[in-house]
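Below is one structure. I have some questions about it.
Numbers for residues simply follow the sequence, beginning at 1. Below, all heavy atoms of this structure are taken into account, side chains as well, without hydrogens, waters or symmetry copies. Keep in mind that what you see is a predicted model, and the values were worked out from it rather than measured.
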Amino acid sequence: MSTCFDPRRRQRGDIMLEALVGVLITSIIGAGLAHVMANVMNNQRDAKVENLMVERLRDSLQTQGVGLCGSGTLEIGMPNGESRSAAVSCEAATATVAMAGIARTVEAPQRVDLTVAATDLGSKGANENDPDLLVSTKQ
């Protein structure tokens, strides 16, 4: 009897092929998880930068307030040494109050808007069509 037709010899490569397929599936799952984790970390970084920028803009509004209206831009320092610029716009508001037939014009506090372009935040994939970050005294 020939050893070529021995049933035990014929199945010897099947286990190696199954192991190779198992390793291939595991590596595909690992690569997918690495891609998902990279996206999560990038989104977390973007959210952290936006949150930090909002805190700095609110602090500037609280400390300087209407005093920001004299300048067109405000430089915001970031922890990594970079600075971002925010556009400053102010709008004076007046209202007419009438009571008992007497009308008076009253000046309301100025509205101060601080705007940072989405592309200036450093978000990955940000383009010109994305909405700007706006912090205002009207909010």
Side-chain angles (χ1 to χ4, degrees):
M1 186 163 169
S2 170
T3 59
C4 293
F5 296 108
D6 189 13
R8 285 181 279 149
R9 282 191 171 261
R10 203 172 20 163
Q11 295 180 0
R12 205 176 260 177
D14 290 346
I15 293 175
M16 290 297 282
L17 187 61
E18 288 175 5
L20 180 64
V21 169
V23 168
L24 179 67
I25 290 172
T26 304
S27 64
I28 289 172
I29 291 172
L33 287 175
H35 178 71
V36 167
M37 281 304 296
N39 285 342
V40 166
M41 295 294 284
N42 190 36
N43 290 339
Q44 183 180 10
R45 181 205 163 274
D46 291 346
K48 189 174 183 179
V49 167
E50 288 177 14
N51 187 33
L52 183 62
M53 184 62 70
V54 168
E55 287 178 6
R56 299 281 169 98
L57 291 174
R58 285 182 179 168
D59 182 54
S60 296
L61 275 177
Q62 186 176 11
T63 56
Q64 298 174 8
V66 183
L68 292 170
C69 292
S71 63
T73 61
L74 173 68
E75 292 296 321
I76 303 293
M78 300 300 282
N80 60 359
E82 296 178 6
S83 65
R84 308 274 199 262
S85 62
V88 179
S89 62
C90 299
E91 180 182 322
T94 58
T96 303
V97 178
M99 183 179 226
I102 301 172
R104 301 272 185 206
T105 302
V106 184
E107 289 197 25
Q110 282 187 336
R111 185 178 89 192
V112 181
D113 296 334
L114 300 175
T115 308
V116 179
T119 54
D120 289 344
L121 289 174
S123 299
K124 184 179 180 182
N127 59 31
E128 297 294 324
N129 298 330
D130 291 342
D132 297 336
L133 179 65
L134 171 68
V135 176
S136 176
T137 55
K138 188 177 179 182
Q139 294 177 337

In Å, rounded to the nearest 0.5 Å, how long is the span from CG of D59 to CD of Q64?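 So the CG of D59 and the CD of Q64 are separated by 8.5 Å.
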Exactly one of D113, L57, V112, L114 should register a side chain to side chain contact (heavy atoms under 4.5 Å, CB included) with S136. Which one does?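 So, applying the side chain to side chain contact (heavy atoms under 4.5 Å, CB included) to S136 and each of D113, L57, V112, L114, only D113 qualifies.
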Spacing of E55 atom CD and I76 atom CD1 [to the nearest 0.5 Å]: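 One gets 12.0 Å once the value is rounded to the nearest 0.5 Å.
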Testing the basics here: between T137 and Q110, what is the closest heavy-atom pair and its distance to 0.1 Å?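 Here T137 and Q110 meet closest at OG1-O, 3.8 Å.
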L33 with I25, same ILVMFWY side-chain cluster at under 4.5 Å: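 As far as the 4.5 Å side-chain criterion goes, I25 and L33 are connected within one cluster.
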Minimum heavy-atom separation for A118 to D132, with atom names?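 Nearest heavy atoms, A118 then D132: N-OD1, 3.4 Å.
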Applying side chain to side chain contact (heavy atoms under 4.5 Å, CB included) between L52 and each of K48, R56, E50, report the one that passes.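 Between L52 and the candidates, side chain to side chain contact (heavy atoms under 4.5 Å, CB included) is satisfied uniquely by R56.
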Tell me the closest heavy-atom pair linking G22 and T26, and the distance in Å.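 What the structure gives for the nearest pair is O-OG1, 2.8 Å.
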Nearest atoms (heavy-atom pairs only) where T96 meets A103: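 Residues T96 and A103, closest heavy atoms: CG2-CB, 4.2 Å.
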Considering only heavy atoms from C-beta outward, does the side chain of L68 approach that of C90 to under 4.5 Å?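 Answer no - side chains too far apart.
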To the closest 0.5 Å, what do you measure between CZ (R45) and CG (N43)?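 If I round to the nearest 0.5 Å, the distance is 11.0 Å.
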Does CD belonging to E75 count more than 12 external heavy atoms closer than 6.0 Å?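 Above 12, so yes.
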